[in-house]
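Proteins get letters first, then strands, A, B, ... in listed order; numbering begins at 1 in each. Please read these numbers as outputs of a predicted model, since none were measured by experiment.
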2 protein chains.
Amino acid sequence: MPEHPPAPARPGLDFAAWQAAGFDPARCPVRNVLDRIGDKWSMLMLTALAARHRRFGELFRVMPDISKRMLTQTLRDLERDGLVTRHVFPTKPPGVEYRLSPLGQSVLEPLSALVGWADRHFPDIEAARARFDAAQTGQPDTSLIEQDAA
Amino acid sequence: MPEHPPAPARPGLDFAAWQAAGFDPARCPVRNVLDRIGDKWSMLMLTALAARHRRFGELFRVMPDISKRMLTQTLRDLERDGLVTRHVFPTKPPGVEYRLSPLGQSVLEPLSALVGWADRHFPDIEAARARFDAAQTGQPDTSLIEQDAA
DNA sequence: AAGACCAAGTCTCATTTTGAGACTTTATAG
DNA sequence: CTATAAAGTCTCAAAATGAGACTTGGTCTT
């Protein structure tokens, strides 16, 4: 099978534009951004700051399974990218508060679309997982094999 | 500073609903899903399959910096979650094609919103990074210190 | 007839990322 | 005079990821 059959184009959303230049992360703005806010904690952090600003310790309590190390690092990265601002209060001991910048606010809209999708489709995903896991433990299912490559 | 000041509510999008139950990933559908598709390669993979289905080797070429190991693993996870389907063609050697399921298609809409945001705001982010890095190398900026915590 | 080759993986080992938790600082509370 | 509190930093251990050799079995070349 030297040639892969030309796949039928679907009337999809237009990812083709930015993919044309390839997925090379160095050249691709979208990958650059997605690699950053698509890391383990950033999106969650942004939603945690959506309703109101919070202090370091408050974020630490609110995200039960993050480590201090990653909390600090994620906040620094978001601050560097201009999504979050850091405010130090000269109390003793000093308090630090984090807020979404206007840029950070602007990402909430697409982010909430994704969160909404996750919430709506979680049952579908759980069902799919159950099917998949059941199929793995049972006999291998040959019905998945196609009749012809074209 | 024993009490943190009550932060002003902002007329934000409503993340509060699912956050009310806490961020505990075991109990929270949104975290469950976000932890999965928010991993290093899933979102990129979904966009790579948006326009058309692709074969394993094709995906490997199209994503220049993924390893075979993670390509396999990410596809398996997406398949398990019902976002992607796997089709084996009994040629020699066998070919395997990956496609978005209807569920997978449905995530393209919120995903494209995020991609669009990334594309539009990349200049802002680069500018913020430049400012941040410049500030780090220069003298520490005391203007960031607030006058009063309340 | 012997070997090369292909696609789609799997396997092992090295590297990178993340986690857990001790340690720091300094004014105030007990 | 000791304990405490907030926001980190630091070290070491564990987990995730990367690089790349190896597998499998029919065809294709020599």
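For the pair H87(A) NE2 and dA7(D) P, the interatomic distance rounds to 14 Å; values are reported in whole Å. The interatomic distance linking R86(B) (CZ) with dA8(C) (P) rounds to 10 Å, in whole Å. Counting to the nearest Å, the C1' atom of dA5(D) and the CZ atom of F60(A) are 14 Å from each other. Rounded to whole angstrom, the span from the CZ atom of R54(A) across to the C1' atom of dA7(D) amounts to 17 Å. Rounded to a whole Å, the CG atom of L75(B) is 11 Å from the P atom of dA8(C). We find that CZ of R55(A) is positioned 9 Å from C1' of dA7(D), with the value rounded to whole Å.
The shortest heavy-atom contact between L114(B) and L111(A) is CD1-N, 4.4 Å. For the residue pair A50(A) and L100(A), the shortest heavy atom distance occurs at CA-CD1, 3.9 Å. Of all heavy-atom pairs spanning V62(A) and A48(A), the tightest one is CG1-CB, 4.3 Å. Scanning both residues, G82(A) and S101(A), for their nearest heavy atoms gives O-OG, 2.6 Å.
For dG8(D), one of the phosphate oxygens OP1 or OP2 lies less than 4.0 angstrom from a side-chain nitrogen or oxygen of Y98(A). For R61(A) and dA6(D), the shortest distance from a side-chain N or O to OP1 or OP2 is not below 4.0 Å.
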| note | Going 5' to 3' through nucleotides 16-24 of chain C and flagging B where a protein heavy-atom sits under 4.0 Å of the base, S where only the sugar-phosphate is that close, and - otherwise, we get --BBB----
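The side chain to side chain donor-acceptor pair (under 3.5 Å) test with Y98(B) singles out one residue from H87(B), R55(B), R86(B), H53(B), and that residue is R86(B).
The shortest distance between side-chain heavy atoms of R36(A) and R80(A) does not fall below 4.5 Å.
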| query | After noting the C-alpha distance and the side-chain angles of E97(B) and E58(B), does the key distance pass the side chain to side chain contact (heavy atoms under 4.5 Å, CB included) rule? | reply | CA-CA 9 Å; E97(B) 185 176 273; E58(B) 194 181 356; over 6 Å; no
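Comparing dA7(C), dG9(C), dA7(D) by their nearest atom to the side chain of F56(B) picks out dG9(C).
Ring geometry for W117(B) against H121(B) counts as tilted: the plane angle lies between 30° and 60°, on a 0 to 90° scale.
Under the salt bridge (charged side-chain N to carboxylate O under 4.0 Å, His left out) criterion, D35(B) pairs with R31(B), not counting sequence neighbours.
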Report all interatomic pairs (protein N or O, nucleotide N or O of nucleotides 25-30 of chain C) with separations under 3.5 Å.
none

